[in-house]
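Working notes, beginning with the structure itself.
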Amino acid sequence: MIKIVFFGTPEFALSSLRALTAHGEIAIQAVVTQPDKPKGRSLQKTPSSVAQCAEELGLPVIKIENLINNQEVFDQLSRYHADLYAVVAFGVILPSALLALPARGALNLHPSLLPRYRGSSPIQTAILNGDTETGITVMLLDEKMDHGPIVAQHTVQINTNDTSPTLSDRLSIMGAQLLVKGMLDYSNGKVQPYAQDERYVSYTKQISKDDGRIEWTKTSKEIARQIRAYKPWPGSWTILDNKGKPHTLKIIDAVPLSTIADYAQNPLSHTPGKLIQLSRKRYAFVCGGSTLLEIFTVQPANRTTMSADSYIRGNLWLIDTIKK
RNA sequence: CGCGGGGUAGAGCAGUAGCAGCUCGCCUGGCUCAUAACCAGGAGGUCGUGGGUGCGAAUCCCACCCCCGCAA
């Protein structure tokens with residue numbers, strides 16, 4: 001029987017939490033997660049996904065924000081005498097003092113093929129870069145971020161229509177299986193963790209809201225990838241001129257078109273960021289390099305999502321060029 | 001009391017006191033080899049709910065219900 005403490009916060013960690021709980025040879029002694037945070041329109045304090053799930057599973061929950069120099073939590077955790085920690089999307093760095101507590105160390109599930117894409121946004125970055133595959137890695141935590149030796153790794157394909165949520169779901173489920181297997185193999189001494197190859201290290205940045213703003217001078221393929229990568233947050237949006245007032249439009253679903261040839265004669269349509277009508281019910285933005293991005297689903301500011309056709313029905317002045 | 005937007009025809013929107021409108025969709029007919037095209041005609045609204053002010057309210061005032069964005 002392996003005694004562990006589970007660290008996790010968002011939905012991504014749920015598959016792992018459930019898989020570990022369900023396994024007969026693994027005993028979760030406690031679940032550590034971030035404290036309740038304001039959520040929703042009234043900003044009511046809401047427990048994290050992991051906290052809610054752990055409650056349902058009847059596991060003891062420890063909510064903690066700051067782990068550094070937190071003697072109380074240190075003492076509390078040391079009483080469990082865990083063999084291993086399992087860390088999945090916890091969102092807080094574990095200080096080395098804590099990592100030293102479990103007898104066999106702390107296993108982390110990271111949604112990339114380490115050493116590629118260390119950091120906080122590996123899933124979004126993989127889609128943004130147009131990768132055809134990514135993966136999940138189970139590794140031992142050390143004091144450097146996503147740096148420790150690898151226990152197990154598995155490749156996952158990225159579909160051309162994958163968005164961050166769809167890819168994240170798949171990585172979460174496959175990651176849970178890999179984590180359980182990796183944990184057992186590692187505990188039984190079946191696998192020997194190996195150091196990451198520093199030559200292939202890359203890092204992903206923390207995404208901010210501003211990253212969602214669309215640069216229309218990029219090609220439609222790049223913009224389409226951004227739309228899929230930054231869904232649902234921060235989203236991909238542009239600011240249109242609504243009768244003199246700035247008007248934010250989020251683009252939910254769009255596909256790059258290969259050519260702008262039909263519009264090459266019209267100098268107006270070469271201006272990136274212009275909205276043009278392709279045909280009945282089909283609309284596109286002009287992007288860089290004479291490419292077009294056909295839009296299907298949009299979300300105006302303060303509105304719910306709607307089809308591009310519907311949106312433009314009620315905002316006809318937005319169309320820059322109409323093909324007769 | 002976190003900030004803000006909104007509820008008008010099946011959809012998306014205009015209309016801020018004086019006959020309820022636009023772009024679509026839908027129905028009928030026409031034109032076409034044909035069509036998501038084009039032409040002609042038509043149906044479809046208790047303007048979120050309740051109250052108030054006015055000669056007159058979608059529009060102004062009050063209350064309530066519902067929806068959404070930001071934020072986290």
Side-chain angles (χ1 to χ4, degrees), chain A residues 7-14 32-55 61 63-67 88-93 119-121 123-124 163-165 168 205-214 226-227 229-255 257 262-263 274-285 292-324:
Chain A
F7 295 72
T9 303
E11 202 164 336
F12 183 84
L14 295 188
V32 182
T33 189
Q34 290 193 44
D36 299 358
K37 293 199 170 169
K39 198 175 182 180
R41 248 161 239 140
S42 55
L43 291 190
Q44 290 187 348
K45 293 240 177 181
T46 308
S48 72
S49 297
V50 163
Q52 293 181 38
C53 182
E55 297 279 356
V61 177
K63 295 175 182 177
I64 187 61
E65 190 159 26
N66 181 21
L67 289 172
V88 183
F90 182 43
V92 178
I93 292 176
S120 58
S121 59
I123 298 172
Q124 291 91 333
T163 62
S164 289
S168 177
K205 67 171 184 176
Q206 188 126 24
I207 298 170
S208 76
K209 182 180 170 56
D210 280 346
D211 291 324
R213 181 168 192 150
I214 295 173
Q226 174 189 329
I227 291 168
Y230 288 166
K231 183 179 180 176
W233 191 89
S236 294
W237 41 276
T238 188
I239 295 179
L240 298 173
D241 179 27
N242 185 348
K243 295 178 175 175
K245 290 183 180 176
H247 181 66
T248 303
L249 182 70
K250 208 182 254 188
I251 298 177
I252 308 293
D253 191 15
V255 161
L257 299 180
D262 290 348
Y263 301 88
K274 292 289 184 187
L275 178 62
I276 63 175
Q277 182 164 19
L278 298 172
S279 64
R280 234 183 123 70
K281 296 188 176 184
R282 295 184 67 191
Y283 306 90
F285 277 99
L292 288 173
L293 184 74
E294 181 172 3
I295 55 172
F296 298 111
T297 312
V298 299
Q299 179 171 34
N302 302 330
R303 293 268 105 134
T304 184
T305 61
M306 62 184 74
S307 73
D309 182 53
S310 289
Y311 172 69
I312 291 166
R313 284 290 155 234
N315 301 275
L316 288 173
W317 59 84
L318 293 173
I319 303 176
D320 181 64
T321 305
I322 299 178
K323 187 184 181 185
K324 296 286 183 185

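The sequence lines fix the lettering, A, B, ..., with proteins before strands; numbering per chain opens at 1.
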Review item, nucleotides 6-9 of chain B N/O atoms under 3.5 Å of protein N/O:
from: B/G6; atom 1: O2'; to: A/Arg303; atom 2: NH2; distance (Å): 2.6

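Both distances falling under 3.5 Å, in either a Watson-Crick or a G-U wobble arrangement, occur for no nucleotide opposite B/C47. The partner of B/A17 is absent, by the rule that a Watson-Crick or G-U pair needs both atom distances under 3.5 Å. Pair assignment for B/C1: none, as no Watson-Crick or G-U wobble contacts are both less than 3.5 Å. Base pairing of B/G12: its partner is B/C22, meeting the Watson-Crick or G-U wobble criterion (both donor-acceptor distances under 3.5 Å). As the counterpart of B/A40, B/U28 is assigned, both hydrogen-bonding distances of the Watson-Crick or G-U wobble pattern falling under 3.5 Å.
Annotation: B/C19 and B/G56 have their C1' atoms spaced 12 Å apart (nearest Å). Straight-line distance between the P atoms of B/G10 and B/G5: roughly 27 Å, to the nearest whole Å. Comparing B/A17 with B/C47, their C1' atoms are spaced 15 Å from each other, to the whole Å. Rounded to the nearest Å, the gap between the C1' atom of B/G48 and that of B/G54 is 23 Å. Comparing the same atom, C1', in B/U8 and in B/A58 gives a spacing of 7 Å after rounding to whole Å.
Counted within 6.0 Å of CD1 on A/Ile64, heavy atoms from surrounding residues, nucleotides or ligands total more than 12; the atom is thus considered enclosed. The neighbour count for A/Glu294 CD, taken as heavy atoms of other residues, nucleotides or ligands under 6.0 Å away, is above 12.
Atom NZ of A/Lys281 is separated from atom P of B/A36 by 11 Å (rounded to the nearest Å). A/Met306 places its CE atom 12 Å from the C1' atom of B/G5, with the value rounded to the nearest Å. When rounded to the nearest whole Å, the span between NZ of A/Lys39 and P of B/G69 equals 13 Å. Between the CD atom of A/Gln299 and the C1' atom of B/C68 there is a distance of 8 Å, rounded to whole Å. Taking atom CD1 of residue A/Ile252 and atom P of nucleotide B/G69, one finds them 10 Å apart after rounding to whole Å. Computed from coordinates, the A/Ile319 CD1 to B/G12 C1' distance equals 12 Å when rounded to whole Å. Regarding A/Tyr311, its OH atom lies at a distance of 14 Å from the C1' atom of B/G69, rounded to whole Å. For A/Arg282 and B/C24, the CZ to P distance is 18 Å, given to the nearest whole Å.
Considering A/Leu275, A/Val298, A/Asn315 in turn, A/Val298 is the only one that fulfils the side chain to side chain contact (heavy atoms under 4.5 Å, CB included) rule with A/Leu249.
Taking side-chain N and O atoms only, A/Lys209 has no distance below 4.0 Å to OP1 or OP2 of B/C70. Of the side-chain N and O atoms in A/Lys37, none sit less than 4.0 angstrom from OP1 or OP2 of B/A71.
Base orientation for B/G50: anti, the chi torsion being more than 90° from 0.
Looking only at side-chain heavy atoms (C-beta outward), A/Phe285 and A/Ile276 stay at 4.5 Å or farther from each other. Taking the side chain as every heavy atom from C-beta outward, A/Val61 and A/Thr33 approach each other to under 4.5 Å. Between A/Pro234 and A/Arg213 the shortest side-chain heavy-atom distance does not fall below 4.5 Å.
In this structure, A/Lys209 forms no cation-pi arrangement with A/Trp233, as its terminal cationic atom is not both closer than 6.0 Å to the ring centre and no more than 45° off the ring axis.
The side chain of A/Leu316 lies closest to B/U23, out of B/U23, B/A71, B/C13. With B/C68, B/A72, B/U23 as the choices, the nucleotide that has an atom nearest any side-chain atom of A/Thr304 turns out to be B/C68. Set against B/C70, B/C13, B/A11, the side chain of A/Arg41 has B/C70 as its closest nucleotide.
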Quiz item: Can you check salt bridge (Lys or Arg N to Asp or Glu O under 4.0 Å) on A/Asp211 and A/Lys205, steps first, answer last?
Solution: CA-CA 11 Å; A/Asp211 291 324; A/Lys205 67 171 184 176; 2.9 Å; yes

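Between A/Phe90 and A/Phe7, the ring planes are perpendicular. Angles over 60° get that label, and only those under 30° would be called parallel.
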